[in-house]
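Sequence positions, counted from 1, serve as the residue numbers for this chain. Just so you know, ligand 1 is whichever comes first in the structure, and atom 1 is the first atom listed for that ligand.
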Amino acid sequence: MIKFLDLQAVNMQYQAEIEDSLLRVFRSGWYLLGNEVKTFEKNLSSYIGTPNAIGVANGLDALRLIFRAYIELGVMSEGDEVIVPANTYIASILAISDNGLVPVLCEPDLETYNIDINNIESLITSKTKAILIVHLYGRAVFSEKLVQLAKKYELKIVEDNAQAIGAEWNGIKTGKLGDAAGFSFYPGKNLGALGDGGAVTCNDVELASTIRALANYGSNQKYVNTYQGLNSRLDEIQAAVLDVKIKYLDDENNVRRKIAERYNKEIRNSKIILPAAPQDGGEHVWHVYVIRCQERDLLQQFLMEHGIQSLIHYPIPPHKQKAYASLNNLIFPISEKIHGEVLSLPLSPVVTEAEVSYVIEILNKF
Ligand SMILES: *Cc1c(COP(=O)(O)O)cnc(C)c1O
């Protein structure tokens, strides 16, 4: 059986180093807001190139806290609108609506699966305050046009960088492109912890200190509460593990690229649409390798019969979810097409050449 993602094998690559870190934290007697988190934040901020990085409990919180901070700072207020791609993972949308902001869904581009920047301007109203771009599947999305739009209408650009850590656009890392970015260290992400974890990066110092306070009960000074905050902390154990793994992130992303390159070159089947090559200065770190097929469910079954696990990212678009009943009547033909046809193939730093060859052979037989 070829697993979609063998997390145990991914982490066992660094067994000795990770076990040392776990033991170090255990024996230190210090488990929250200590040196491990400080060190990881420093290494993350120098990796991304932003002056600020704040460890938080998970990726959803990272995004929620960014919008919450903008509200506390008076940049946004309840009822304001945030433009977001219609085909993103639900967490992007939750981060908006959880703050009393209104998600305004934007159709993606059928080639890149990322937000179609040409569709944004027509969605901007007097209430629009931000564009939440999502580097979906690991593919960076950005452009001069987006920057111009944000300038013209005074909008914040927030990045959902949960899937694209390590990717660059014209030499700038995702996470540094916009005004603030949310990261997820969910175990299956390109930089995965041994549990939940997340971070925010940003250039603005005031925004960073507001987020840091909000994540710690609304307090920057013990027992002095400036905001009605929450408890959203990256713990020392996760930070120590992430600090081991971040050193290998570029190497792992390169392995992902090599596998994607083979899939791109060697899958030859007229029923299967391969992902478009990166373009316009944007890189891909292949968080997932997503193909499209009109007979997607049959193809998934065929792969399973041949011992190959695949996943669907994602089966139901956010506007068709019961949780967003008020959006259920909206129609987004491109998103709906994507959700109906996408399938993600096994791709990770530990998938072998032989496994890749076998997946290709089976796909070409479908
Ligand atoms: C994983 C993910 C999140 C949420 O991250 P968690 O750490 O699971 O909360 C947000 N957005 C996208 C696009 C994701 O893939």
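- When hydrophobic residues (I, L, V, M, F, W, Y) are linked wherever their side-chain heavy atoms come within less than 4.5 Å, the members clustered with Met304 are Met1.
- Residues Ile338 and Pro108 have side chains in contact (heavy-atom distance under 4.5 Å, counting atoms from C-beta outward).
- Taking distance alone, with nitrogen or oxygen atoms compared against 3.5 Å, Gly59 approaches ligand 1 more closely than that limit.
- In the displayed structure, Lys247 atom NZ is contacted under 6.0 Å by more than 12 heavy atoms of other residues, nucleotides or ligands.
- Not a single N or O atom of Tyr89, backbone or side chain, sits closer than 3.5 Å to an N or O atom of ligand 1.
- At the shortest separation from atom 9 (O) of ligand 1 among protein heavy atoms lies Leu60 N, 2.9 Å.
- No hydrogens or angles considered: a donor-acceptor pair under 3.5 Å links the side chains of Thr125 and Glu81.
- Each of the atoms 2 (C), 3 (C), 10 (C), 11 (N), 12 (C), 14 (C), 15 (O) of ligand 1 lies under 4.0 Å from some heavy atom of Ala162.
- Of the protein's non-hydrogen atoms, the one nearest atom 2 (C) of ligand 1 is Lys189 NZ, 2.7 Å.
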Which atom pairs, one a donor and one an acceptor, fall under 3.5 Å between side chains of residues 138-146 and the rest of the protein, sequence neighbours left out?
unit_1	atom_1	unit_2	atom_2	d
Arg139	NH1	Ala276	O	2.9
Arg139	NH2	Ala277	O	3.4
Ser143	OG	Lys145	N	3.3
Ser143	OG	Leu146	N	3.2
Lys145	NZ	Asn118	OD1	2.9

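- Residue Asp160 touches ligand 1 through its side chain alone, judged by heavy-atom distances below 4.0 Å.
- Among protein heavy atoms, the minimum distance from atom 10 (C) of ligand 1 is reached at Ala91 CB, 3.4 Å.
- Atom 15 (O) of ligand 1 has Gln163 NE2, 2.8 Å as its closest protein atom, hydrogens excluded (heavy atom only).
- Taking the six-membered ring where tryptophan is involved, the planes of Trp286 and His284 are essentially parallel, since the angle between them stays under 30° and well short of 60°.
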